[in-house]
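Below is one structure, written out as structure tokens, with a few remarks after it.
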Amino acid sequence: MFTGIENAFVNLPQALKADWPGNVWWHWVIFTLIAIVFFLGSVIMFIFMERRVLAKMQARIGPNRIGPFGLLQAIADAVKVLTKENITPSNADKIVFWLAPAIVFAPVLMVFAVVPFANGAVLADLNIGILYAIAIGSLSTIGVFMAGWSSSNKYSTLGAMRMVAAVISYEMPIVLTFATIIVLTGSMSLNDIVIAQGKYWFIFSQPLGFFLAFVAGCAEINRSPFDLMEADSEIVAGFHTEYSGMKFAMFYLGEYGEAVVMSTIIATLFLGGWQGPFLPPFVWLIGKIFFVFFLMIWTRTTLPRVRIDQLMKLAWKFLFPLALINLFATGLEVLTFPNGLPWYFIPVNFGIGVVLVLLWSRLYKVGWGRIEIQ
Amino acid sequence: MTLRTEPFIMNMGPVHPSTHGVFRMRVTLDGEVVIDMEPVFGYLHRGIEKLAEERTYLGVIPLTDRLDYLASMTNNFGYCLAVEKLAKIPVPERAEYIRVIMAELQRLAAHLISVGSFLNDAGAYFTPFLYMFRERERIIDLFEMVSGQRLLYNYMRPGGVSQDLPEEFIPALQELLKQMKGYMQEYENLLKDNEILGARAKGVGILTRDMAINIGASGPVLRASGMKWDIRKVDPYSIYNRFEFDIPTGVQGDCYDRYRVRVEEMKQSLRILEQAYQKIPAGPYHTEVPQLIRPPVGETYAHIEAPTGELGFYLVSDGGIAPYRCHVRAPSLMNLTALRDMVKGWKIQDTILTFGSIAITMGEVDR
Amino acid sequence: MTTALVAQDIANQLNANYPGVNTEVNNNAVIIDSKSLLSLMTYLKITPGLDFNYLTTITAIDYYQQFEVVYLLVSMEHNQSLTVKTRCNREDPVLPSVTSLWRSADLQEREIYDLMGITFEGHPNMKRLVLWPEFQGHPQRRDYLQ
Amino acid sequence: MKFSNYGLGIIKGMGVTLKNLFRASPTTQYPEQRLTVSKRIRGTELVWSVEKCTGCATCARTCPQGVIRIVTHPGEAGGDPNRYVVETLEVDSGYCIHCGLCVEACPYNALFLGYKFERAKYRRQELVQSKEDMSISQETPSAYYHPELAGKLPKQTLLIDREKK
């Protein structure tokens with residue numbers, strides 16, 4: 001019984017090397033802890049950053065009372081929200097109502113199993129890493145729908161319906177864009193993908209892919225301008241209108257957790273993950289995650305919300321065909337140059353991306369407008 | 001097997017983030033599509049018309065502040081014009097200029113809120129709203145300087161204004177006008193050409209010209225429908241005929257046109273202000289009027305171009321110290337008449353947008 | 001400048017076109033008998049030269065013996081205005097609705113019904129506007145006491 | 001080819017928000033930082049001068065809310081016949097709407113509005129001001145309708161001054 005542990009301690013020096021043997025059991029413990037701490041820490045930082053940057057962009061100051069620069073505001077909010085009353089609406093489907101927050105929250109955390117923090121520093125270097133991330137990441141939709149349905153609130157139902165429609169539609173372009181990266185690297189493992197970006201990041205060779213992934217990602221985690229699942233000026237707060245206290249905190253965490261996940265995946269796939277000179281790898285990764293999140297905050301500050309039919313049209317008539325074309329073009333390029341693309345494909349791909357976006361935006365009309373009522 | 005569906009009735013409001021107060025819309029939905037909409041009024045009814053019958057002519061002015069609480073100055077203005085018309089009180093030159101300056105500043109401030117909250121309803125997460133509040137703050141500073149309050153000014157009186165401008169007002173106004181130009185450009189850059197706003201607002205919530213006239217719409221709502229009708233031009237009150245300004249009009253009367261008309265009107269207000277502060281003469285700022293005004297028996301209607309539209313006061317005097325009847329023609333209420341036709345067939349998001357583009361103030365709708 | 005039309009001219013015109021209808025003039029306002037209100041209003045709206053296409057406001061005044069309802073008409077084409085009044089008794093206050101001519105009367109007639117208690121016949125949705133449906137009485141009347 | 005429909009508007013808007021990221025916020029953090037209010041502020045309390053007041057009760061008649069309660073008596077024989085002794089003067093500032101009409105109505109300039117504004121109270125009864133609370137000896141009057149008082153008061157902070165070039 002103790003042999004495992006002894007082996008572990010004997011193997012400790014080797015284990016701490018870059019290429020960990022995956023079956024040492026405390027490796028899982030450490031990385032689970034790291035993943036949870038990283039997740040919670042970055043969620044708190046994300047909330048802080050969102051509130052501060054948003055405030056600065058909106059000519060406000062933002063939270064600045066608790067802790068230095070208001071850094072502890074998120075913690076104070078957490079304490080406040082945890083001590084609040086848990087209200088369950090009398091018409092709610094109680095079991096589903098209570099289950100929904102957990103179902104939203106858990107899958108978000110699970111995605112971090114496959115995110116590499118440095119070369120090989122990953123909880124589980126699955127060979128189907130991306131597939132796993134996408135599959136698990138969209139599970140939380142079920143929780144959202146459960147929340148919306150069980151609250152027996154019309155705003156919640158509308159919000160949940162919109163959420164399901166959006167997530168199903170936006171899975172398509174995002175998966176196709178990720179497939180482009182898989183075609184380029186020949187691997188689904190996130191670690192291999194990062195290693196493949198040693199020469200240049202994929203944002204340079206796949207600018208269109210980055211654009212599509214960013215837009216679709218924003219929609220998938222319902223960030224503005226696609227935040228119509230919880231559009232505060234229309235349907236109050238969408239699916240979590242009726243939630244309060246701890247359960248609301250779970251949704252809140254889940255929402256920002258999804259933002260962390262999406263930023264992490266985009267940073268890993270397109271911005272070279274932990275790759276980067278001088279600084280330690282995890283600093284690069286965190287820096288890139290925050291850069292992607294900054295872009296999301298920036299768009300949220302500036303852009304108005306799209307309409308539901310426009311959201312659908314954008315997914316199916318703009319992002320989806322472009323992702324297909326992009327995948328096709330990348331496949332051709334990889335077939336022509338099996339030993340890696342030469343440098344001049346960076347401007348070529350950039351040109352292809354710009355031309356495609358401009359042409360395609362001529363081809364489709366936004367929304368279908370008014371419907372005649374008899 | 002066919003799936004049985006049924007319409008979905010949703011009460012938006014009276015407490016809802018974007019009903020601009022306590023307005024209630026009973027929306028019947030088919031999925032996301034609005035198939036019927038019934039507005040419900042009255043949540044802010046305070047009986048101002050009834051209250052006015054029991055107060056002196058002077059005591060009604062604080063009540064008019066509370067009509068369109070985002071544009072108190074213009075409400076005061078309209079009421080004072082009606083009393084002056086009824087009691088034949090002359091107004092000195094300087095007071096006229098002060099009134100015009102105040103009314104135009106108020107129009108700026110009110111339009112900043114209506115445009116900001118319209119864009120907020122469109123989903124631009126508070127950014128334009130807060131930018132515009134920042135500039136409104138500068139205007140309110142000036143109002144505070146002259147009247148001592150920041151929302152309910154109670155500044156104008158029959159026969160002039162309650163107090164003269166302080167000496168630091170004109171330099172501050174000059175500075176404000178200088179700064180406003182840059183900020184106006186900033187708003188234009190922020191969302192004017194935005195593709196998403198264009199897709200959301202263009203062609204949505206159309207109010208045709210004939211319909212707008214028929215429902216008695218006024219102000220930016222009427223002008224966005226293409227009707228060139230501004231009380232300041234067609235029936236110049238006070239000294240508006242001395243200033244040079246244009247009436248911006250829209251083309252098809254959609255939400256985007258209403259938004260543009262408001263922004264253009266702000267620019268015209270700046271133009272009027274530029275002319276007004278340079279010409280302002282010295283002299284008395286009010287006519288001596290007794291505390292208890294006793295107008296002769298009669299009735300009168302005075303109207304002005306308030307930020308929301310044609311604000312009119314129908315005053316009936318029986319020779320006493322209080323108005324026998326004081327009817328307020330509330331532009332916000334009239335503009336809402338066609339809301340049902342404007343939103344029918346659109347999505348629920350467009351309902352909010354259309355409603356936001358009409359830019360009502362509940363204090364005026366319910367009175 | 002919006003010119004207020006001389007009420008006497010309009011009254012003469014109406015009397016000429018609608019014989020038997022008693023149209024008076026008081027204080028530069030045309031006073032129309034409530035029975036013929038709708039037809040005369042239609043005439044004012046569609047007659048070329050008058051074209052009162054914009055109903056600015058409707059208000060009701062309680063004179064204890066009777067109600068007086070004031071219609072302020074504006075012709076946007078000619079920039080002219082006209083005040084039209086009609087009267088109804090207090091016991092059974094019923095007036096024809098002008099909603100079919102100007103939809104701007106819609107909410108205002110409802111408001112008058114609510115606060116003054118004048119019923120407008122032909123209005124598509126004669127319900128209380130600002131007060132709740134169960135409310136008793138009409139508070140804008142001069143003799144209304146809580 | 002016009003680029004106005006291809007995202008140029010979005011880019012311009014993003015530029016504006018980015019510019020604002022580096023601009024100082026106009027926010028004043030109230031309890032620590034304070035703005036100077038207008039000289040004509042209509043503060044929360046009325047200020048009353050016992051020397052000037054003749055007890056004519058014009059203020060009470062003018063008040064649209066009817067919150068001024070004044071009780072006077074003619075005073076002892078041999079006093080000024082045009083002057084009444086004010087026994088009670090009470091203003092329920094909970095119902096006061098700060099319209100300032102009483103100040104404008106006062107024919108003897110005995111009534112002023114207060115300059116201070118932080119007068120939150122815990123109970124409604126505490127909002128009723130007696131004539132001792134309103135005495136001019138302990139309160140600062142604002143310059144509302146009394147421009148001669150404006151010289152003594154500090155200059156109002158204006159937001160526009162912060163960005164003056």
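Chain letters run A, B, ... following the sequence lines, proteins first and then strands; every chain starts at 1.
Contact annotation for residues 87-101 of chain C against chain B (heavy-atom separation below 4.5 Å, listed by residue number): Leu101(C). Applying a 4.5 Å heavy-atom cutoff, the residues of residues 315-323 of chain B that approach chain C are Val316(B), Pro323(B).
When each of Leu333(B), Asp366(B), Leu336(B) is checked for heavy-atom pairs under 4.5 Å with chain C, Leu333(B) comes out on top. Of the listed residues (Lys233(B), Met227(B), Met211(B), Glu299(B)), the one with the most heavy-atom contacts under 4.5 Å to chain C is Glu299(B). For the options Thr56(C), Thr83(C), Asn28(C), Leu72(C), heavy-atom pairs under 4.5 Å to chain B are most numerous at Thr56(C). The greatest number of non-hydrogen atom pairs below 4.5 Å with chain B, out of Leu55(C), Asn125(C), Val74(C), Leu129(C), is found for Leu129(C). With chain B as partner, the option from Asp62(C), Asp106(C), Asp114(C) having the largest number of non-hydrogen pairs under 4.5 angstrom is Asp62(C).
In this structure, the separation between NE2 on His327(B) and CD on Gln140(C) is 9.5 Å, given to the nearest 0.5 Å. Separation of atoms CG (Asp235(B)) and OG (Ser81(C)) is listed at 7.5 Å; rounding is to 0.5 Å. Between the CZ atom of Phe41(B) and the CZ atom of Arg110(C) there is a distance of 6.5 Å, given to the nearest 0.5 Å.
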Please evaluate residues Thr57(C) and Phe313(B) with respect to the criterion side-chain contact (heavy atoms from CB on, under 4.5 Å), reporting the C-alpha separation (whole Å), side-chain torsions for both, the decisive distance (0.1 Å), and the verdict.
CA-CA 10 Å; Thr57(C) 185; Phe313(B) 284 88; over 6 Å; no
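Looking at Arg142(C), both its backbone and its side chain come within 4.5 Å of chain B, counting heavy atoms on both sides. Proximity to chain C is absent for every atom of Glu54(B), based on heavy atoms less than 4.5 angstrom apart. Looking at Ala330(B), neither its backbone nor its side chain comes within 4.5 Å of chain C, counting heavy atoms on both sides. Heavy atoms closer than 4.5 Å to chain B are found in the backbone of Ala60(C), but not in its side chain. Neither the backbone nor the side chain of Tyr237(B) comes within less than 4.5 Å of any heavy atom of chain C. For Glu49(B), the parts sitting under 4.5 Å from any heavy atom of chain C are the backbone and the side chain alike.
A donor-acceptor pair under 3.5 Å is absent between the side-chain atoms of Lys50(B) and the main chain of Leu115(C), judged by distance alone. A donor-acceptor pair under 3.5 Å is absent between the side-chain atoms of Arg329(B) and the main chain of Ile58(C), judged by distance alone. Side-chain N or O atoms of Tyr314(B) include none that pairs as donor or acceptor with a backbone N or O of Val70(C) at under 3.5 Å.
The shortest distance between side-chain heavy atoms of Met334(B) and Leu107(C) does not fall below 4.5 Å.
Here the closest heavy-atom approach between residue Met76(C) and residue Leu222(B) is recorded as CE-CD2, 3.6 Å. Closest of all the heavy-atom pairs between Tyr54(C) and Ser218(B) is OH-CB, 3.4 Å.
Shown are Asp341(B), Asn214(B), Thr337(B); of these, the side chain to side chain donor-acceptor pair (under 3.5 Å) with Arg103(C) is made only by Asp341(B).
Geometrically, Arg325(B) does not engage Tyr63(C) in a cation-pi contact, judged by NZ or CZ lying under 6.0 Å from the ring centre and within 45° of the ring axis.
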